[in-house]
Student: 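Have a look at the structure that comes next, please.
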2 protein chains.
Amino acid sequence: MYELLLKYINEHATKPLTDNEVELVKSALLPKKLRKKQYLLQEGDVCKYFAFIVKGAMRQYSVDDKGIDHIVYLSIENWWVGDRESFVMLTPSVYNIDAWEDSELLLITRADLLNLLSQVPAIAEMARLMDERNFIAMQRRLNASISFSAEKRYGDFANSYPDFMQRFPQHIIASYLGITKETLSRVRKQISK
Amino acid sequence: MYELLLKYINEHATKPLTDNEVELVKSALLPKKLRKKQYLLQEGDVCKYFAFIVKGAMRQYSVDDKGIDHIVYLSIENWWVGDRESFVMLTPSVYNIDAWEDSELLLITRADLLNLLSQVPAIAEMARLMDERNFIAMQRRLNASISFSAEKRYGDFANSYPDFMQRFPQHIIASYLGITKETLSRVRKQISK
DNA sequence: TATAACTGTTGACATTTATCAACAGTTTTT
DNA sequence: AAAAACTGTTGATAAATGTCAACAGTTATA
């Protein structure tokens, strides 16, 4: 259960974890299985856990007045998922996070994470690296959202995340891109000509 | 020149800076004045400095094939500005950053920043806090961009950043929101009814 | 296996937003 | 003081995207 996470940490740090650190990591992370459609977090709740995805696929979304989902993040194996705003600020989340596929997660609380960050340098290093990458990905997406047409946004997405194209249906990807499923269908038709 | 930054650091850290740390900070940050329209960074260059704004207003934007600006960030006194992707990865930036008003900046290189982060705990603390806030602001903006109409995005912006409404003209704010100046003008007319 | 749910496409039409051009008032520059 | 640049508005029209409904093929479920 922990192999993938330990591998992930070692690949993102300059020095491998010691045996003792491996134990610290294992004891801080709680295994949890979710069936498709089960929630990791529901709107209005405080996000008590961040999760590393060992297996499966998750989505994070808000729901508007009309009851329409707006997907802010998609994530699969080897990604972390959680609502950072709620997790850090302890405020009720505006997002839902649920399993799109049956998934295996490793959960960590804020307290345990802070503890790990201070005790295990490799974890702090990994977290910094993740933060950088995350920031860069968000900035690109933000720039795309104000600068590019639906067609270009879709093309960029398909290039950047080929795995996601296999794992999520079009209406999910459309929502992530901020367009309707019908518009995405037409954009694809246009491109294929 | 350094007072505002030192105040900013102390307000964002649990312990005030020691005299020695104040000297470290001062020696790492290079004062620089920019006249309106002068560049801090131009597309294609690597972002060598991050800047703390002591006075003035800056904008960061990409330019598309048609020559149209798309503003990704606006910033004023007490904010940091720079292209983090380029600054960290040392890649050519896709953004321009220029002064919207005559400005006074304090510049720091990547090497000096890393040095400060490791030597001055208050700086590391401040950086973490800034990162969190930044992340939260970006996530909200991202969610808004895929979920809300131009009208709601404008309303949220006006509420969140009243200062910016005073400092930047409408066509700049329109660009930041991902709409044209004409659409913003019409949205405002609509709201005022 | 029958039924329901999910996924993707298409057509007709509505709404939102962009584009282009013109104009007026203001501010900046010469 | 005159000219130029900037800012904001408006009208006419075009383009992009959304909405609603229908349909077919697939997949999941009772």
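Just so it is clear: chains get the letters A, B, ... in the order the sequence lines come, proteins before strands, and each one is counted from 1.
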Student: Any salt bridge linking A:Arg35 with A:Asp98? Criterion: basic side-chain nitrogen under 4.0 Å from a carboxylate oxygen.
Tutor: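 A:Asp98 and A:Arg35: not salt-bridged.
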Student: For the side chain of B:Glu182, starting at C-beta, report the closest nucleotide among C:dA21, D:dG8, D:dC6.
Tutor: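 My answer, after comparing the listed nucleotides, is C:dA21.
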Student: Given B:Glu85 and B:Tyr95, is the side-chain hydrogen bond (donor to acceptor under 3.5 Å, both in side chains) satisfied, shown in steps?
Tutor: CA-CA 10 Å; B:Glu85 173 165 359; B:Tyr95 301 105; 5.9 Å; no
Student: Of the candidate nucleotides C:dT9, D:dT19, C:dT19, which contains the atom at the shortest distance from the side chain of A:Lys66?
Tutor: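 The answer is D:dT19, which lies nearest to the side chain.
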Student: Please report the distance, rounded to the nearest Å, between CD1 in A:Ile179 and C1' in D:dT19.
Tutor: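 For the pair A:Ile179 CD1 and D:dT19 C1', the rounded distance is 15 Å.
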Student: Using a 4.0 Å heavy-atom cut-off across all strands, classify A:Lys36 as base, sugar-phosphate, or nothing.
Tutor: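 Touches nothing.
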Student: Atom CG of B:Asp64 and atom P of C:dA18: how far apart are they, to the nearest Å?
Tutor: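 Computing the B:Asp64:CG to C:dA18:P distance gives 13 Å.
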Student: Does the D:dG11 base have a donor-acceptor partner in the side chain of B:Arg186 within less than 3.5 Å?
Tutor: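 Such a pair exists between side chain and base.
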Student: Can you measure A:Lys181 atom NZ to D:dA22 atom P for me and round it to whole angstrom units?
Tutor: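 For the pair A:Lys181 NZ and D:dA22 P, the rounded distance is 14 Å.
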Student: When you check the phosphate oxygens OP1 and OP2 of D:dT17, does a side-chain N or O of A:Thr180 lie under 4.0 Å from one of them?
Tutor: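 Answer no for this pair, as no side-chain N or O of A:Thr180 is under 4.0 Å from OP1 or OP2.
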Student: Counting just side-chain N and O atoms, does B:Gln170 come under 4.0 Å of either OP1 or OP2 of D:dC6?
Tutor: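 No, because none of the side-chain N or O atoms of B:Gln170 sits under 4.0 Å from OP1 or OP2 of D:dC6.
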Student: Side-chain N or O of B:Lys189 less than 4.0 angstrom from OP1 or OP2 on D:dT10?
Tutor: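 Indeed, a polar side-chain atom of B:Lys189 lies that close.
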Student: Is the Lys NZ or Arg CZ of B:Arg59 less than 6.0 Å from the centre of B:Tyr61's six-membered ring, within 45° of the axis?
Tutor: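 Yes; both conditions hold, so B:Arg59 lies above the ring face of B:Tyr61.
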Student: Starting the side chain at C-beta, find the nucleotide from C:dT9, D:dT7, C:dT17 nearest to B:Ser149.
Tutor: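 The answer is C:dT17, which lies nearest to the side chain.
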Student: Would you say A:Gln190 reaches D:dA16's phosphate, i.e. side-chain N/O to OP1/OP2 under 4.0 Å?
Tutor: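 False: A:Gln190 side-chain N/O out of range (4.0 Å or more) of D:dA16 OP1/OP2.
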Student: Specify the separation, in whole Å, of atom NZ of A:Lys152 and atom C1' of D:dT17.
Tutor: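 These atoms are roughly 19 Å apart.
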Student: Can you see if the side chain of B:Thr183 gets near the phosphate of C:dT17 - specifically, an N or O under 4.0 Å from OP1 or OP2?
Tutor: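 Negative; the distance criterion is not met.
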Student: What does B:Lys37 touch in the nucleic acid at a heavy-atom separation under 4.0 angstrom: a base, only the sugar-phosphate, or nothing?
Tutor: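 Result for B:Lys37 = sugar-phosphate.
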Student: Parallel, tilted or perpendicular: which fits the ring planes of B:Tyr176 and B:Tyr161, with parallel below 30° and perpendicular above 60°?
Tutor: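 If you compare the ring of B:Tyr176 with that of B:Tyr161, the planes turn out perpendicular.
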Student: Roughly how many Å is it from NE2 in B:His171 to P in C:dC20, rounded to a whole number?
Tutor: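 Those two atoms, NE2 and P, are 18 Å apart.
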Student: Is A:His70 reaching over with its side chain to a backbone N or O of A:Ser62, donor-acceptor style, under 3.5 angstrom?
Tutor: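 Not at all, since once roles are kept as given, no pair shorter than 3.5 Å links the two residues.
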Student: Starting from P on C:dT15, measure out to CD on B:Glu151 and report it in whole angstrom.
Tutor: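 After rounding, the reported distance stands at 15 Å.
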Student: Round to a whole Å and report the spacing from CZ of B:Arg59 to C1' of D:dC6.
Tutor: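 So the CZ-C1' distance, B:Arg59 to D:dC6, works out to 12 Å.
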Student: How close or far is atom P of D:dT17 from atom CZ of A:Arg188, stated in whole angstroms?
Tutor: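 Distance check: A:Arg188 CZ to D:dT17 P gives 16 Å.
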